Amino acid sequence: MTSITPIVEKAIAQIRASFPDCPLESVPDGGGGAFVTLNSVPLGHPWAQTDTWIGFQITFQYPYADVYPHFVRPDLKRADGQPFGPGLGQAQFQNQSAVQVSRKSNKLNPAIDTAALKLLKVLQWLRSQ
Amino acid sequence: MAPITVTPWRLVLPEAMKAELFAHLFPGDNDEHGAIILAGVCQTDRGLKLVARELHLAIDGKDYVPGRHGYRMLKGEFIQSRILRARDLKLAYLAIHNHGGTTSVGFSSDDFASHERGYPSLVDISRGLPVGALVFARSAVAGDLWFEDKQRAPLKEAIVLGQRRELLYPSPLKTTQVRRLEFDRQSRLFGDAGQELLRSLRIGIIGLGGAGSILAELLGRLGIGEFVLADPDRAEVANLPRLIAARRMDAIIDWLPRGLRTRFARYKVEMAARNIRRANPSARIVALQANFLEPDVAKQLVDCDYLFLAADTMGARLLFNAIVHQHGVPGVQVGAKVPVSPSGEVGDVFCVARKVTPGHGCLWCNGLINPSRLQDEAVSDEARRGYAYVADPQVAAPSVITLNAIACSHAADDFLFQVTGLKNQDAQQDWFRWNSRKGTAGYDGPRRDLECLECSSVDDSRLGRGDFFPLPTRAK
């Protein structure tokens, strides 16, 4: 199996540094990238749950490739009982049920749009729903 | 760093850089002027190639001053900052000055003496990266490159990439031109020397499907001498009508048991090689039955003289664009789009030929490499199966041979007039687009991002970085 490339390792280290209170797990995806799962990420309003895990794949094409989609806990529910809006749907991540968060970035600057920044944007979007 | 093999070497120089350098060297005062070029190092099976990345002009009287031993010299401070930059960016260092004359030039004994005094210690500072000099006349250049252990090698040729591919030598080449009867009609356009030039070129074609198959046929019949072809796919019944000279048995072997009939279908690169050999039996062909994104495949394409990208994945576009800028290989991306909505409505049907050279037409700057589709392509089928919905890049899009033929003919013709030097200096450079439904031809002007990490010369960019910068291939 191909090991994780240095540039993907660096992206994982940046995420770890950006979320020091959230335990991070990463496993090689076999092609030079990695499946990453960040645990105990605070969710906040408008969700019924207080926290979630959030998983995603950083592929060998990083930093040119957009890091998407992201996946969160499968039992995610809105506090007001309303259904999900666009961009959220039931799926599977690493053979486990999950809610998929689809936020594409079609314009991307590989110098500044890091996997950590994308994760922050996804969490901000989740909290704004 | 692996030791660099000492061989006669080539220099690739973008046209805009040559124009800026020549305006500085030959302002009309018949005097001598100086500069430094920092260049990427590419070690290839055809010898060492340096790709000019940065030009540093020496200001007369400040950086270029009366010499202690010769007429003029670059000042120590000017040299020091550039040699340290070359070391840090892993680039070769080339000190430049000019002499009089036109088509022949060489170093003086004073020049050689100064190289012998200075270059061994500059090689030490650069930590083994080559260090040397170029001397230009108006239509000639000579070079003297130094390596570790006082080894040195002369410049073989300089290749100027622009509207016309220009070759500069220390003195006019003495060539024996062989008249080849089979190419008589076309060589009446560009001469036996032009035909010999085509024979000397190595061309890469990435993707040998509907578009690449046509390119192989056209370029084979032009008499190109050497090809590197890359495509992992075998022929299928559904693509036979678009592959030149394809036969049913290329896709289906009828006499085999039913389950095996398509398993041994012919590779598309083999079919293209067959067509090229039929047109030009002496062509040398490397047919790679593998994906362009594999590091070993990409490595065989980095020293082509011209690249044709006829594979429409985002990963292939990213890597092609990277090779053009990092290794100084001009190229063209061809493609066609036939949008059909789920309800069967046909949108604007068009084909394009987008020429990409260092300094012109970066695919990344122009938003032609979609980051989300790059991610989709890199995710395995197994992982993607669990996703809620992701556009499947494997879904077959409509494809029509006539559209491919228009884009490929335009691309091959543009290449022909560029390499033979017949293109007008003010010829159209924008990207060709043919709209079949409207019956209109047009040109799209490519944009340029001055901070692009692919094509600009900002510090972290890929431009002219040669072997010491990673290409966006699959990990090994």
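Per chain, numbering begins at 1; letters A, B, ... match sequence-line order. Every value quoted in this text rests on a predicted model; they were computed, and no experiment measured them.
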_Between A:Q57 and chain B, with a heavy-atom cut-off of 4.5 Å, which part of the residue counts as in contact: side chain, backbone, both or neither?_
both
*Report the distance from atom CG of B:L374 to atom CZ of A:F60, rounding to the nearest 0.5 Å.*
8.5 Å
*State which residues pass salt bridge (Lys or Arg N to Asp or Glu O under 4.0 Å) with B:R465; sequence neighbours excluded, sorted by chain then number.*
none
*Distance-minimising heavy-atom pair for B:A378 and A:Q61*: CB-CG, 4.0 Å
*asked:* I need the B:D376 CG to A:K104 NZ distance, nearest 0.5 Å.
replied: 6.0 Å
*Rounded distance [0.5 Å steps], CG in A:D66 versus CZ in B:R373*: 13.5 Å
*asked:* Counting heavy-atom pairs closer than 4.5 Å to chain B, which one of A:G32, A:A91, A:A98, A:G31 comes out on top?
replied: A:A91
*With sequence neighbours left out, what residues match A:F56 under ring pair (Phe, Tyr, Trp, His ring centres under 6.0 Å)?*
A:H70
*If you count heavy-atom pairs under 4.5 Å with chain A, which of B:I369, B:D460, B:L453, B:D449 comes out on top?*
B:L453
*Using non-hydrogen atoms only, which part of A:S105 is less than 4.5 Å away from chain B: side chain, backbone, both, or neither?*
backbone
*Which region of B:L293, side chain (C-beta onward) or backbone (N, CA, C, O), has a non-hydrogen atom less than 4.5 Å from a non-hydrogen atom of chain A, or is it both or neither?*
side chain
*asked:* If I take atom CZ from residue B:R385 and atom CG from residue A:N95, how far apart are they, to the nearest 0.5 angstrom?
replied: 10.0 Å
*Can you tell me how far the CG atom of A:L108 sits from the CH2 atom of B:W364, to the nearest 0.5 Å?*
5.5 Å
*Would you indicate whether the side-chain heavy atoms of A:Y64 and B:Q375 approach each other to under 4.5 Å?*
no
*Do the side chains of B:V379 and A:Y68 get nearer than 4.5 Å, heavy atoms only?*
no
_Taking every non-hydrogen pair under 4.5 Å, which of B:E451, B:M314, B:E454, B:E382 racks up the most with chain A?_
B:E454
_Using heavy-atom distances under 4.5 Å, tell me whether A:F71 contacts chain B through its side chain, its backbone, both, or neither._
side chain
